[in-house]
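Shown next, in structure tokens, is the structure this report addresses.
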Number of protein chains: 2
Amino acid sequence: MAKKVSISDVAKSLGMSKTVVSLVINGKGDLHRINKDTQQRVLLKVTEMNYQPNVLARGFRTGKTNTIGLIVTEISNTFYSKVASYIEELAWQQNYSVVICSTNELVEKEKRQIKLLVDRKIDGIIISSSQKTSDSFDHLLEEGIPHVLIDRSFENSKSPSVSVDNFGGARMAARHLITQGITDIALVALKGEHVSTTRDRIAGFRSSLSDHNLSIPESRIIHAKPRYIHDTIKNSLQSYYYQNKMPRAIFAIDNNLTFICLEYLQKLSVKIPAETALIGFDDLQYFRYTDPSISAIEQPVEKIGEAAFNLLLEQIKDNSLMGKQNSVLLPVDINIRRSSKII
Amino acid sequence: MAKKVSISDVAKSLGMSKTVVSLVINGKGDLHRINKDTQQRVLLKVTEMNYQPNVLARGFRTGKTNTIGLIVTEISNTFYSKVASYIEELAWQQNYSVVICSTNELVEKEKRQIKLLVDRKIDGIIISSSQKTSDSFDHLLEEGIPHVLIDRSFENSKSPSVSVDNFGGARMAARHLITQGITDIALVALKGEHVSTTRDRIAGFRSSLSDHNLSIPESRIIHAKPRYIHDTIKNSLQSYYYQNKMPRAIFAIDNNLTFICLEYLQKLSVKIPAETALIGFDDLQYFRYTDPSISAIEQPVEKIGEAAFNLLLEQIKDNSLMGKQNSVLLPVDINIRRSSKII
DNA sequence: ATGAAAGCGCTAACAG
DNA sequence: CTGTTAGCGCTTTCAT
């Protein structure tokens, strides 16, 4: 373990003060009108001695760590891992590292993770929150900690968010089913109507139905708790099936739920779409090749990552922007495939 | 931005020295035989004043950050995002955060990421490396920086690794094809035979073939560069197709390549498995439901994450273990599905 | 059993 | 233009 050379070592061997060295290596040489010549000498010595600034000491001193936090509900969900991938890439280009946290939809875990990140003095947070209120984020706002909400957002929150048109997307899905004459539709969602995506997707779906004087009875809504998704969907579908009450179509509001619906419909040998059509929110590359291929609303994943990171970077660079940025709402597309095409 | 209360604030308001407070909050009270009573008072005051130790200052002082780094080639690949998810969960339970880096198979990026993590004084690194030699890791070993290689490993390296039986898994795949009478097989791999997984999977496959006096000619090996995977596979398959030389089966050595093969085979309307069978290394939940369902070698993803984190934690807790741990080799399974079942 | 004090490596007032 | 100096908040000898 080679002993580290510190800034004083460099200064000493150069016969200068730490200040000069510090200024030069931080690119503030010109700003402080330090001799071009001196600067050269410093830089030279630095490489010569292979001086590596102690990042921790610097962070401790400046409060900046060049690290951002990314909190998502489940990093192994393709949607989030893709978003994470884009964010990681952009961050890397700007010299930021990304700390990733997975909350498993647990509010307590999320809160502790936020606290941890703040304690660690990360420069900003991008988060897909499971919380019911925006309190945590109002707090961050007060404390001046840059952050951006993604995917899910809060009403009346000044924290900027990047989301997609969940309402509109769900309407597209509904319309697509309705125009094919389908009226008896079940809706599969994660429990928790406080989650904006869930709420908006359900609301959008309902709004389109109601445009056609249709509605979804409570019995047609499957609310799965995060930890019991499989069981809930399995049981609900089975009970429909054995009571001879399979819905004519199912709209599942995320990629995971959609896929699980496919699984259990297949296990029950329900013919898709002939007996029950299926459409989901959030498309996966795999949906194109399943049997039958699955219709889904496609989210602009790359743009979400991009917009979120840019908003965050803006705040980091200019703290006065906090609470003043506009939220971003991105459009979605519908990919109609065999699982929902009746005609 | 509420001003932070520091350890001196606590000490002052308690009329004690920082030392006592520090010792107590770090659980070293008993060790230093500090009055039970004093300890109580400190703890009380700490919560009362809502004292939050400055993690950065502590890290700066101790060189410990309670953070580990996870470097993978592509976090959006389900295999890695699952591994990441398990590691994140275990780390969380042990009070560690995880910094995730994606290398896109770029050796330079990987090296810079390692350096960055080391500079940041992360406590350890779990890495799936794209490098040709173990130099970087020999280095880490010398510097006493805990690390574990996952997925890919190096021969003659003292760095512990967690990998699966790639050789054996590939043999299973080959055997499965061969016993069905298939002899003309193409192999699809990422370019870079220095990558142990690629090497071992190819070697295993070949070894099984040669057991049956079979072999794979160069023309049947598709080596795709990371950035041109789609094009390479598309072109190769097209050229086979138009020359009327489709192989009787394809073995693709990772989940991504496998899926892409499926895509282009379908686009060329090649019947799977009737005309060309397909089997891949690394199973995905989706493979069960594609059309046709895809056969694949299944890796124990959870165990990989678990073993890697445990090995790392051991090193972190006991530095003297470095370079002395045994590597872990995990078994794989074969899931035979329709894509490769001819009989 | 507790305290004083040094110092980790760095940055940023402030002097000169 | 460059140097001196004072901490940032914490841990950790070393005294007492």
Side-chain angles (χ1 to χ4, degrees), chain A residues 1-43 45-46 49-67 118-123, chain B residues 1-43 45-46 49-67 118-123:
Chain A
M1 178 121 61
K3 66 260 151 216
K4 276 289 183 183
V5 11
S6 81
I7 196 169
S8 344
D9 298 332
V10 179
K12 207 166 293 171
S13 103
L14 227 34
M16 305 195 237
S17 77
K18 296 190 293 180
T19 316
V20 182
V21 181
S22 171
L23 290 176
V24 173
I25 59 174
N26 287 321
K28 299 184 183 164
D30 289 334
L31 202 84
H32 285 249
R33 287 175 300 188
I34 291 176
N35 271 346
K36 273 284 168 224
D37 176 63
T38 320
Q39 298 203 35
Q40 277 304 323
R41 284 175 52 219
V42 172
L43 262 10
K45 201 65 170 182
V46 161
M49 298 181 70
N50 189 28
Y51 164 63
Q52 314 279 11
N54 180 324
V55 186
L56 249 48
R58 180 182 286 170
F60 169 44
R61 191 62 242 271
T62 62
K64 293 271 157 227
T65 51
N66 268 40
T67 303
V118 172
D119 282 353
R120 293 257 164 99
K121 305 276 190 294
I122 42 79
D123 298 336
Chain B
M1 178 121 61
K3 66 255 149 222
K4 276 290 184 183
V5 11
S6 79
I7 197 171
S8 346
D9 297 333
V10 179
K12 206 166 292 169
S13 103
L14 227 35
M16 306 194 232
S17 77
K18 297 189 291 180
T19 315
V20 181
V21 181
S22 172
L23 290 174
V24 173
I25 59 175
N26 287 321
K28 299 183 182 164
D30 289 335
L31 203 84
H32 286 249
R33 287 175 299 187
I34 290 177
N35 271 345
K36 274 284 169 225
D37 176 64
T38 322
Q39 298 203 32
Q40 278 303 324
R41 285 175 52 219
V42 172
L43 262 10
K45 203 62 169 182
V46 161
M49 297 180 71
N50 190 29
Y51 164 63
Q52 313 279 9
N54 180 325
V55 186
L56 249 48
R58 181 180 285 170
F60 168 44
R61 190 64 238 275
T62 61
K64 293 270 158 229
T65 51
N66 268 38
T67 303
V118 172
D119 282 352
R120 293 257 165 98
K121 304 274 190 294
I122 41 80
D123 298 335

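What you see is a predicted model; the values in this text were computed from it and never measured.
At the phosphate of D:dT12, neither OP1 nor OP2 sits under 4.0 Å from any side-chain N or O atom of B:Arg61. The phosphate of D:dT11 has OP1 or OP2 within less than 4.0 Å of a side-chain N or O from B:Arg58. Put simply, B:Lys28 has a side-chain N or O that comes within less than 4.0 Å of OP1 or OP2 on D:dT12. For C:dT11, the OP1/OP2 oxygens have a side-chain nitrogen or oxygen of A:Ser22 closer than 4.0 Å. For C:dG9, the OP1/OP2 oxygens have no side-chain nitrogen or oxygen of A:Ser6 closer than 4.0 Å.
Considering only the side chain of B:Ala57, D:dC10 comes nearest among D:dC10, D:dG3, D:dC1. With distances taken from any side-chain atom of B:Val20 to the nucleotides D:dT2, C:dT2, D:dT11, the minimum falls on C:dT2. Ranking D:dT12, D:dC10, C:dT11 by closeness to the A:Ile7 side chain, first place goes to C:dT11. With C:dC10, C:dG3, C:dA1 as the candidates, the nucleotide lying closest to the side chain of B:Asn35 is C:dA1. For A:Asn54, the side-chain atoms get nearest to C:dG9 when compared with the rest of C:dA4, C:dT11, C:dG9.
Checked against B:Ser17 for a side-chain contact (heavy atoms from CB on, under 4.5 Å), the options B:Thr19, B:Val21, B:Leu14 give a single hit: B:Thr19.
Rounded to whole Å, the distance from NZ on B:Lys18 to P on D:dA15 is 19 Å. Look at CG on B:Leu56: it is 11 Å from C1' on D:dC10, rounded to the nearest Å. Look at CD1 on B:Ile25: it is 10 Å from C1' on D:dG9, rounded to the nearest Å. Put simply, NZ on A:Lys36 is 13 Å from C1' on D:dC1, counting in whole angstrom units. Distance NZ (B:Lys121) to P (D:dT11): 17 Å, rounded to an integer number of Å. The interatomic distance linking B:Lys12 (NZ) with C:dT2 (C1') rounds to 18 Å, in whole Å. Atom pair A:Met16:CE and D:dT2:P shows a separation of 8 Å (rounding to whole Å applied). A straight line from CZ of B:Arg33 to P of C:dG3 spans 16 Å, rounded to a whole angstrom.
Nucleic acid contact for B:Gly29: none, since no nucleic acid atom lies under 4.0 Å from a heavy atom of the residue.
Stacking is not found between B:Phe60 and the pyrimidine-like six-membered ring of the D:dC10 base under the 5.5 Å centre-distance and 30° plane-angle cut-offs.
On a pure distance criterion of 3.5 Å, no polar donor-acceptor pair joins the side chain of B:Thr38 and the base of C:dA1. In this model, no side-chain donor or acceptor of A:Thr19 finds a partner on the base of C:dT11 within 3.5 Å.
With a 4.5 Å cut-off on side-chain heavy atoms, B:Leu56 and A:Leu56 do not count as touching. Residues B:Lys36 and B:Asp30 have side chains in contact (heavy-atom distance under 4.5 Å, counting atoms from C-beta outward).
Closest approach of B:Thr65 and B:Arg120 over heavy atoms only: CG2-O, 3.7 Å.
Proximity of a side-chain donor or acceptor of B:Ser22 to a complementary backbone N or O of B:Lys18 within less than 3.5 Å is not detected. Under a 3.5 Å cut-off, the side chain of B:Gln39 and the backbone N or O of B:Ile34 do form a donor-acceptor pair.
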